[in-house]
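What follows is a single structure, written as structure tokens, with notes after it.
The model shown is predicted, which means the values in this text are computed figures rather than measured ones. Naming convention: chains lettered A, B, ... in sequence-line order (proteins, then strands); numbering from 1 in each chain.
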There are 2 protein chains.
Amino acid sequence: MIKIEKPAKTQRTVIQQRTRKAIMDKSARLFRDKGYGSTSLRDIASATGMKAGSLYYHFSSKEELAEEVLTQGLFHVAERVKEAVEALPSEASPLEKIRAAMVGHLTALLEKGDYTSANIRCYNHVPAPIKKRLKADRESYDAFWEDLIQSSVTGSFIRKDVDQVSLRYALIGMLNWTLEWPATKHGSPEELGAKFFDMVFSDTLA
Amino acid sequence: MIKIEKPAKTQRTVIQQRTRKAIMDKSARLFRDKGYGSTSLRDIASATGMKAGSLYYHFSSKEELAEEVLTQGLFHVAERVKEAVEALPSEASPLEKIRAAMVGHLTALLEKGDYTSANIRCYNHVPAPIKKRLKADRESYDAFWEDLIQSSVTGSFIRKDVDQVSLRYALIGMLNWTLEWPATKHGSPEELGAKFFDMVFSDTLA
DNA sequence: CCTACCGATCGGTAGG
DNA sequence: CCTACCGATCGGTAGG
């Protein structure tokens with residue numbers, strides 16, 4: 001059987017994907033900096049080098065574009081965290097997994113800062129149907145941390161009287177708040193992750 | 001000399017102040033929920049029970065209104081924190097001050113949630129001149145924490161090798177992120193503040 | 001991917 | 001504090 005090549009269409013799809021990514025990159029940065037409501041499709045189009053109407057060749061609405069950008073922000077974090085935890089040796093303790101997850105989370109924030117910042121900053125301001133789906137994504141990411149913490153307590157690595165919900169939110173809060181820092185003060189994800197981990201899980205007191 | 005009373009004007013000023021506060025209350029909630037760009041003056045007016053044009057009797061622009069709301073959010077936090085620290089006995093250690101400051105910060109977040117949430121959520125999305133002034137306010141609040149932490153290190157309450165910048169951002173981050181929690185899980189500011197304090201400054205490990 | 005355009009809505013103002 | 005309105009801009013569409 002002869003394989004029929006479709007070079008024209010293939011190439012066109014590649015270009016389309018490239019343009020699509022360019023639109024999303026610019027959108028992520030604009031949503032992060034100006035917010036959902038103050039970012040117009042004309043802002044996005046002109047940043048990408050096209051006219052507003054042309055965006056509809058790639059996305060069917062502003063809402064769809066925003067949802068895709070914000071979703072990718074969270075997915076990227078979840079992916080990096082998963083990788084970081086799975087890269088550990090199989091005998092790693094749940095506490096070592098928490099540490100790796102913290103570093104992975106920070107790595108994602110620094111790597112894909114525009115997307116993750118857009119998610120964190122615009123999550124509450126996006127139309128309700130989108131927010132509902134983003135919330136479900138956040139909850140499944142939350143569940144990952146819940147399990148890590150639960151395992152640490154069950155395995156007697158964390159004291160049983162520590163409130164697990166507060167601990168989870170505290171960790172995620174300190175990690176996410178790094179996006180509000182002056183960017184120069186970050187250091188590497190490994191360094192910063194280690195500092196945060198030690199603050200909570202080692203002696204901070206003199 | 002005879003004091004000339006101006007009851008009409010006095011009363012009118014009181015009413016004006018009341019209306020002004022009503023507008024700000026509604027604005028705070030709308031900015032928090034929908035963001036700066038997606039909240040229209042018509043939204044604010046109808047929530048307050050008036051017509052859009054009438055807002056200009058109390059505020060000269062959307063930007064001025066937003067700045068006043070967001071500024072009040074941060075000022076309220078700074079005030080509560082200052083109160084909480086000053087309520088301590090004079091022999092209180094810098095570490096006890098940090099603890100009190102954490103509780104005070106959380107108290108403000110729960111008390112004036114709409115204003116503080118609006119500040120935290122809209123800070124990055126507000127027009128540049130406003131953001132610049134809000135930034136200066138944040139920095140002076142930050143300096144307060146910087147001093148508390150510096151004193152704790154100098155007084156040998158916190159280990160000297162703890163990175164003070166990271167610690168400050170970690171504390172503020174975990175405190176501010178409570179605004180993203182499901183409201184039911186908070187507990188009282190005192191309880192939650194104690195939990196956070198113990199996480200960082202007491203043994204978390206089993 | 002652009003031109004040209006739609007109705008709706010925006011922040012803001014004039015005059016009362 | 002309202003009515004009535006302004007020009008500008010919005011998200012989105014038709015037709016090419």
Side-chain angles (χ1 to χ4, degrees), chain A residues 8-28 30-31 33-70 118 122 125-131, chain B residues 8-28 30-31 33-70 118 122 125-131:
Chain A
K9 198 191 171 195
T10 302
Q11 187 168 1
R12 208 185 158 210
T13 302
V14 169
I15 291 173
Q16 276 178 26
Q17 285 174 344
R18 229 172 255 165
T19 306
R20 210 180 143 86
K21 184 176 181 304
I23 293 168
M24 289 178 65
D25 284 351
K26 299 298 185 184
S27 299
L30 285 164
F31 286 145
D33 291 340
K34 308 182 54 170
Y36 177 77
S38 300
T39 299
S40 70
L41 293 176
R42 283 159 180 86
D43 289 337
I44 294 169
S46 87
T48 319
M50 56 173 71
K51 299 295 176 182
S54 307
L55 293 173
Y56 287 84
Y57 184 69
H58 299 276
F59 297 93
S60 67
S61 69
K62 184 184 179 183
E63 300 194 8
E64 186 197 286
L65 168 56
E67 178 164 359
E68 211 146 327
V69 168
L70 302 205
C122 298
H125 300 154
V126 113
I130 301 181
K131 181 171 174 176
Chain B
K9 196 189 173 195
T10 301
Q11 188 169 2
R12 210 185 158 211
T13 301
V14 169
I15 291 175
Q16 275 177 28
Q17 285 173 344
R18 229 171 255 166
T19 306
R20 210 180 144 85
K21 184 176 181 302
I23 294 168
M24 288 178 66
D25 285 350
K26 299 298 185 183
S27 300
L30 285 164
F31 286 145
D33 291 340
K34 308 181 53 169
Y36 177 76
S38 300
T39 299
S40 70
L41 293 176
R42 283 160 180 86
D43 289 337
I44 295 169
S46 89
T48 319
M50 55 173 69
K51 298 294 175 183
S54 307
L55 292 173
Y56 287 84
Y57 185 69
H58 299 277
F59 298 92
S60 66
S61 68
K62 183 184 180 182
E63 300 194 6
E64 186 197 286
L65 169 55
E67 178 163 1
E68 211 146 326
V69 168
L70 302 205
C122 299
H125 300 154
V126 114
I130 302 181
K131 181 171 175 175

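- Computed from coordinates, the A/L55 CG to D/dA14 P distance equals 17 Å when rounded to whole Å.
- Across the protein-nucleic acid pair, A/D43 atom CG and D/dG12 atom C1' stand 16 Å apart, rounded to whole Å.
- Residue contacts shown for A/T39 are limited to sugar-phosphate atoms, with no base heavy atom under 4.0 Å away.
- Taking NE2 of B/H58 as the start and CD of B/E68 as the end, the distance is 12.5 Å to the nearest 0.5 Å.
- Candidate nucleotides D/dC1, C/dC1, D/dG12 were compared by shortest atom distance to the side chain of A/M50, and C/dC1 ranks first.
- In the displayed structure, A/K62 atom NZ is contacted under 6.0 Å by more than 12 heavy atoms of other residues, nucleotides or ligands.
- The side chain of B/Y57 lies closest to D/dC1 when the candidates are D/dC1, C/dC10, D/dG11.
- In this structure, the CD1 atom of B/I44 is 11 Å from the P atom of C/dC10, given to the nearest Å.
- Of all the heavy atoms in A/C122 and B/H125, the pair that sits closest is SG-CE1, 4.1 Å.
- The main-chain N or O of A/S40 is found under 3.5 Å from a side-chain atom of A/D43 such that the two form a donor-acceptor pair.
- For the pair B/Y56 and C/dG12, the criterion of a side-chain N or O lying under 4.0 Å from OP1 or OP2 is met.
- Listed nucleotides C/dC1, C/dG11, D/dG11 differ in distance to B/L41; the shortest reach to its side chain belongs to C/dG11.
- Under the 4.5 Å side-chain criterion, counting only non-hydrogen atoms from C-beta, B/K21 is not in contact with B/Q17.
- At whole-Å resolution of the value, CZ in B/R18 and P in D/dC1 are 12 Å apart.
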Could you list all N or O pairs between the protein and nucleotides 3-6 of chain C that sit under 3.5 Å apart?
none

_For DNA chain D, the dot-bracket pattern of Watson-Crick and G-U pairs whose distances stay under 3.5 Å, | for other-strand partners_ = ||||||||||||||||

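- Contact annotation: the side chain of B/Y36 never approaches that of A/K34 to less than 4.5 Å [non-hydrogen atoms, C-beta and beyond].
- Within the model, atoms CZ of B/R20 and OG1 of B/T48 stand 13.0 Å from one another, a figure rounded to the nearest 0.5 Å.
- If you measure from atom CD of B/E64 to atom P of C/dT13, you get 12 Å, rounded to the nearest angstrom.
- Atoms CG (A/L65) and P (D/dG11) sit 11 Å apart, rounded to a whole Å.
- Counting only heavy atoms from C-beta outward, the side chains of B/L70 and B/I130 never approach each other to under 4.5 Å.
- Rounded to whole Å, the distance from CZ on B/F59 to P on C/dT13 is 16 Å.
- By the 4.5 Å heavy-atom criterion applied to side chains, B/V126 and B/E67 are not counted as neighbours.
- Going from atom CD of A/Q17 over to atom P of C/dC1 covers 13 Å, rounded to whole Å.
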